[in-house]
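Letters A, B, ... are given to chains in the order of the sequence lines, protein chains preceding strands, and every chain is numbered from 1.
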Protein chains: 2
Amino acid sequence: MNNHTESEENYIKALYHLGGEGAVASGALANRVGAKGPSATQAVRRLASKGLVEVIPYKGVKLTLDGLTLAKHILRKHRLWETFLVEKLGFGWEEVHPIAEQLEHIQSRELVEKLADYLDSPVHDPHGDPIPQADGKIPPATGKPLQKFSQGSSLKVVRVEDAGTDFFTQLDLLEISLGKEYTLTSVSSFDSSIQLQAEDGESFWLSHSMSSNIYAISL
Amino acid sequence: MNNHTESEENYIKALYHLGGEGAVASGALANRVGAKGPSATQAVRRLASKGLVEVIPYKGVKLTLDGLTLAKHILRKHRLWETFLVEKLGFGWEEVHPIAEQLEHIQSRELVEKLADYLDSPVHDPHGDPIPQADGKIPPATGKPLQKFSQGSSLKVVRVEDAGTDFFTQLDLLEISLGKEYTLTSVSSFDSSIQLQAEDGESFWLSHSMSSNIYAISL
DNA sequence: AAATAAGTTTAGGCAAAGCTAAACCTTTCT
DNA sequence: AGAAAGGTTTAGCTTTGCCTAAACTTATTT
Ligand SMILES: [Mn+2]
Ligand SMILES: [Mn+2]
Ligand SMILES: [Mn+2]
Ligand SMILES: [Mn+2]
């Protein structure tokens with residue numbers, strides 16, 4: 001029930017990411033793990049023989065309960081490690097994903113729980129994504145995209161989408177980070193860009209591509 | 001020159017462990033990595049094609065300079081992670097080896113150096129083994145086995161051999177740990193067991209099997 | 001010097017994981 | 001309904017990594 005290869009775990013994680021508990025097309029799966037169609041079909045067969053997925057040929061693949069549990073456990077490890085890398089080792093939030101991609105496959109229950117303790121049982125990772133807990137429960141994903149806010153509202157940034165290195169670099173340039181508070185001072189009806197005013201009075205414009213990947217809660 | 005599989009790295013590490021810069025027989029190598037002879041022969045051919053080892057058929061295998069550098073880097077990672085697990089996460093020194101065996105394969109130069117910084121650039125791991133430094137230099141292995149000391153000498157434990165879980169359990173039972181100081185009060189000429197007296201006055205006997213895996217320096 | 005023992009390599013398999021090209025379903029369009 | 005398009009699976013091949021049995025070297029013993 002336990003020992004899985006790195007490849008298997010990556011397929012499981014992809015399945016979870018794409019479909020949650022629902023069915024996923026083999027093409028999408030292949031795409032997500034960076035493989036070609038036939039490789040995914042085959043991989044999925046191996047997973048099925050281990051009881052981690054259910055397959056309906058030509059229709060789609062779906063995680064079983066065991067598969068779902070595994071997926072959440074891997075995600076837990078991934079996000080705990082990202083938290084460690086940022087909080088303890090001083091990495092930037094744009095650097096940690098590829099390293100966590102490796103660390104998420106380390107197998108040791110004790111390690112995961114000791115790491116969680118060491119980090120004070122965090123509920124969100126450095127990007128604001130919820131960390132699945134040891135019991136499998138997942139804290140709700142908080143915040144809504146900036147465009148959903150109306151002019152004049154006060155908000156706090158709580159999460160950002162992983163939209164690539166350039167996105168993070170831009171966030172750093174604008175000194176946007178989790179926990180920061182702003183007032184939405186203006187919305188362009190031309191290109192949907194928005195203007196934020198920071199607490200120190202400075203204000204700046206954000207393109208739609210930027211703001212759609214930034215999530216906040218209203219204050 | 002860089003990307004190596006976990007299996008490759010394990011062979012490299014084994015080669016270093018068994019022979020350092022010298023030649024190693026394929027049987028011993030196979031034995032060390034937990035494989036059979038033919039698997040080692042084949043693995044070694046793959047390593048040779050990558051320039052990491054030199055082979056003389058029927059004679060032995062030897063690390064090249066590249067191979068040696070890689071071996072030391074892996075060992076560095078292994079021992080840094082062990083240090084992290086004990087110092088930061090609170091693992092016992094008997095638990096960390098198998099986990100470090102996985103962590104040593106994580107690939108990220110930046111991670112290794114950030115981890116080393118975080119641990120204050122340690123020179124020895126939790127078992128007292130020297131940690132290869134970023135420049136490839138290896139601090140000298142300190143201490144000599146307890147039997148090498150003569151009756152009456154004062155000593156400090158600085159290193160223990162990894163002689164399996166039971167050995168560590170016994171050390172914990174006797175409350176022996178790195179840095180502890182003792183006086184060697186007696187040596188049995190019958191079975192080479194020795195008697196140590198701790199600083200608090202308590203004294204106890206150590207079998208030859210125990211003492212031969214414990215290293216100390218004289219005070 | 002020849003025979004035996006011990007250790008190493010070759011030969012032939014197998015599973016995981018990937019690929020391309022070809023065959024096969026499904027869905028959609030005419 | 002029939003045909004074209006799009007996506008999925010099958011077929012056949014490759015590399016890594018490990019295995020057993022058989023052949024081959026080297027070292028040791030008589
Ligand atoms: Mn991530
Ligand atoms: Mn991964
Ligand atoms: Mn170790
Ligand atoms: Mn290893």
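- In this model, the phosphate group of C:dA17 is approached by a side-chain N or O of A:Thr5 to a distance below 4.0 Å at OP1 or OP2.
- Each of B:Arg46 and A:Thr41 has a nearest nucleotide on DNA chain D; the 5'-most of these lies closest to A:Thr41.
- Relative to the six-membered ring of B:Phe91, A:Lys114 meets both conditions, a distance below 6.0 Å and an angle of at most 45° to the axis.
- Under 4.0 angstrom from either OP1 or OP2 of C:dG18 there lies at least one side-chain N or O belonging to A:Tyr11.
- Dashed line: the shortest gap from a side-chain N or O of A:Lys36 to OP1 or OP2 of C:dG18 is not under 4.0 Å.
- A:Tyr118 carries A:Lys88 over the face of its six-membered ring, with the cationic atom under 6.0 Å from the centre and within 45° of the normal.
- Nucleotide C:dT9 holds its P atom 8 Å from the CZ atom of B:Arg45, rounded to whole Å.
- Shown are B:His127, B:Glu161, B:Lys144; of these, the side chain to side chain donor-acceptor pair (under 3.5 Å) with B:Tyr215 is made only by B:Glu161.
- Between A:Asp191 and A:Ser188, the side chains place a donor N or O and an acceptor N or O closer than 3.5 Å (distance only, hydrogens not considered).
- Look at CG on B:Asn31: it is 15 Å from C1' on D:dC18, rounded to the nearest Å.
- Across all strands, B:Ala43 comes closer than 4.0 Å to no nucleic acid atom at all (heavy-atom distances).
- Taking atom CG of B:Leu47 as the reference point, atom C1' of D:dT16 lies 12 Å away to the nearest angstrom.
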